[in-house]
Amino acid sequence: MIKIALIASKTGPSEAYARDTERGFRLGLEYLTGGTMTLLGRKIEVIVKDDQMKPELSKAMLTEALADDKADIAVGTSWSGGALSMAPVAEEYGKILMVEPAIADSLTGSAWNKYLFRASRNSFQDALASAAGLKDGDNIAFLAPDYVYGKDGVKAFKDAMTQTKSTAKVVHEEFIPLATSDFTAPMQRIFDAMKNVTGRKYLVVIWGAPNPIRKISELNPGRYGIEFLSIGGANLENTKPWKGLDVTGGTFYYYGFPKNSMNDWLVTEHQKRFQVPPDLFTAGGFVSAAAIVAGIKKAGSVDTPKLIAAMEGMEFDTPKGKMTFRKEDHQAMQAQYQFKMKKTPASEWDLLELVREIPASEMPVPINAKR
């Protein structure tokens, strides 16, 4: 038996993310094992644990999975704060933690250890994809939650602006509690900062679940000429309410963008089983499964040192195309997508229009891990 632990925030505001990650992970294992759920002649068992979006539980669930369940590999979790609490546990037990879908840069930077891999994207890759659309004279205001995800996201976007030599100006940064439901006061501060500036004005919303762009739109930022710029897109359920809004940005995945047989299978099967297309969290689960399967096949083992040696620098196929684990920090290098909301959707989930696929070669992600 090969045991893989999936730690996900199945209870709390990231419930949909956890659900879609698990769906994608299981679909990925099914596709990549030809439906046998077997590798190296051994059955794969997926052990799912709910961390309830509480860091102490994230740590406890991973400890339980590695110490008691004897998991060979772990995947998780649905938010960056939880993943940061899990990182030392992976090091303590000497087992690989495939970080998914947490995207904080520190997980492949200051908090990194050799047991952490991330097949999905990090905050900086999201930021590069979004910042690529900025022009000279543009103005930026940030709205983000006041914890590691939001702060890493803002820092990543500003660093991405530097990397892309953008001359856009950061006018205001607004960090507020993740539990905020009334955005009137923080948005008034943003309006006050932005209303008299000249040039195009963007509000960069860096948020998890539920995405507040539609709610913020009810405060009418358009009266000050403020448009929305999204980092990372959002899952389909959170993107759907954006219909009719002028939202542009960068995203890790949208089901209609990649053109390959693996993505075709994922879209078809997901639609058949769940009556909706896969979203970016589904894709993240799938690419994590793809990385693990490719690593086990290459190593011919689930022995951790052999897996690390096999996966460093490894190229593997995903629904987005080929990805490569960078040896220095185990971040998967990959394409991203610039998008804009469709003006005239043809169907319920026909939401995004592709502006441009940005290849990995145009994504200068810095290496911040200390080996």
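Positions are given from 1 along the sequence. Below, each value reflects all heavy atoms present in this structure, side chains not excepted, and no hydrogens, waters or symmetry copies.
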Is the number of heavy atoms from other residues, nucleotides or ligands under 6.0 Å of [X] [atom1] greater than 12?
X    : atom1 : result
K340 : NZ    : no
K342 : NZ    : yes
K155 : NZ    : no
R200 : CZ    : no
K59  : NZ    : no
K240 : NZ    : yes
K114 : NZ    : no

Should [X] and [Y] count as an ion pair when the cut-off is N to O under 4.0 Å?
X    : Y    : result
K272 : E269 : yes
E357 : K259 : no
E22  : R26  : yes
K135 : D138 : no
K343 : D246 : yes

Subject >> Sequence-distant partners of K370, side-chain hydrogen bond (donor to acceptor under 3.5 Å, both in side chains), two or more places apart >> reply: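 Partners of K370 by the side-chain hydrogen bond (donor to acceptor under 3.5 Å, both in side chains) criterion come out as none, since no residue qualifies.
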Original post:
Do R223's NZ or CZ and the ring of F191 fall within the cation-pi criteria of under 6.0 Å and 45°?
Top reply: yes
Please check if [X] and [Y] belong to a single hydrophobic cluster, counting links between Ile, Leu, Val, Met, Phe, Trp and Tyr side chain heavy atoms closer than 4.5 Å.
X    : Y    : result
F339 : V267 : yes
L128 : L354 : no
F228 : V355 : no
I292 : M333 : no

Look at the rings of [X] and [Y] and say which category their plane angle falls in: under 30° parallel, 30 to 60° tilted, over 60° perpendicular.
X    : Y    : value
W207 : F183 : perpendicular
Y147 : W79  : tilted
F117 : F325 : perpendicular

Subject >> Within the 6.0 Å centroid threshold, strictly below: Y254 and Y337 >> reply: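 Ring centres of Y337 and Y254 not closer than 6.0 Å.
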Original post:
Under 6.0 Å between the ring centres of Y93 and Y115?
Top reply: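 When the ring centroids of Y93 and Y115 are compared, they turn out to be at least 6.0 Å apart.
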Ignoring hydrogens and geometry, is there a side-chain-to-backbone donor-acceptor pair from [X] to [Y] under 3.5 Å?
X    : Y    : result
K320 : F252 : yes
K49  : A60  : no
Q334 : A119 : yes
N235 : D279 : no
D105 : F124 : yes

Subject >> Test log, rule side chain to side chain donor-acceptor pair (under 3.5 Å), inputs T77 and D51 >> reply: CA-CA 8 Å; T77 182; D51 70 2; 2.7 Å; yes
Original post:
M161 and V170: side chain to side chain contact (heavy atoms under 4.5 Å, CB included), yes or no, with the steps?
Top reply: CA-CA 10 Å; M161 290 171 65; V170 176; 4.1 Å; yes
**OP:** Please step through side chain to side chain contact (heavy atoms under 4.5 Å, CB included) for the pair L134 and I140, ending with a clear verdict.
**Re:** CA-CA 10 Å; L134 291 173; I140 301 292; 3.7 Å; yes
Subject >> Close side-chain approach of T251 to F257, heavy-atom, < 4.5 Å >> reply: yes
**OP:** Would you mind reporting whether V204 and S130 have side-chain heavy atoms less than 4.5 Å apart?
**Re:**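 S130 does not reach V204 side chain to side chain.
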**OP:** Report the C-alpha separation of M187 and L203 in whole Å, then their side-chain angles, then the decisive distance to 0.1 Å, and conclude whether the side chain to side chain contact (heavy atoms under 4.5 Å, CB included) test is met.
**Re:** CA-CA 10 Å; M187 284 306 301; L203 174 59; 3.7 Å; yes
**OP:** Name all residues meeting the salt bridge (Lys or Arg N to Asp or Glu O under 4.0 Å) criterion together with D264; count only those two or more places apart in sequence or in a different chain, and write none if there are none.
**Re:**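 So D264 forms no salt bridge (Lys or Arg N to Asp or Glu O under 4.0 Å) with any residue.
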Original post:
By salt bridge (Lys or Arg N to Asp or Glu O under 4.0 Å), which residues pair with K70, not counting sequence neighbours?
Top reply: none
Original post:
Could you walk me through whether D159 and Q163 pass the side chain to side chain donor-acceptor pair (under 3.5 Å) check?
Top reply: CA-CA 6 Å; D159 289 347; Q163 288 283 92; over 6 Å; no
**OP:** I would like to know whether W265 and L27 meet side chain to side chain contact (heavy atoms under 4.5 Å, CB included); could you show each step before the answer?
**Re:** CA-CA 10 Å; W265 183 89; L27 284 168; 3.9 Å; yes
Original post:
Out of H330, R326, K327, which one pairs with E312 under the side chain to side chain donor-acceptor pair (under 3.5 Å) rule?
Top reply: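 Looking at H330, R326, K327, the match for E312 under the side chain to side chain donor-acceptor pair (under 3.5 Å) is H330.
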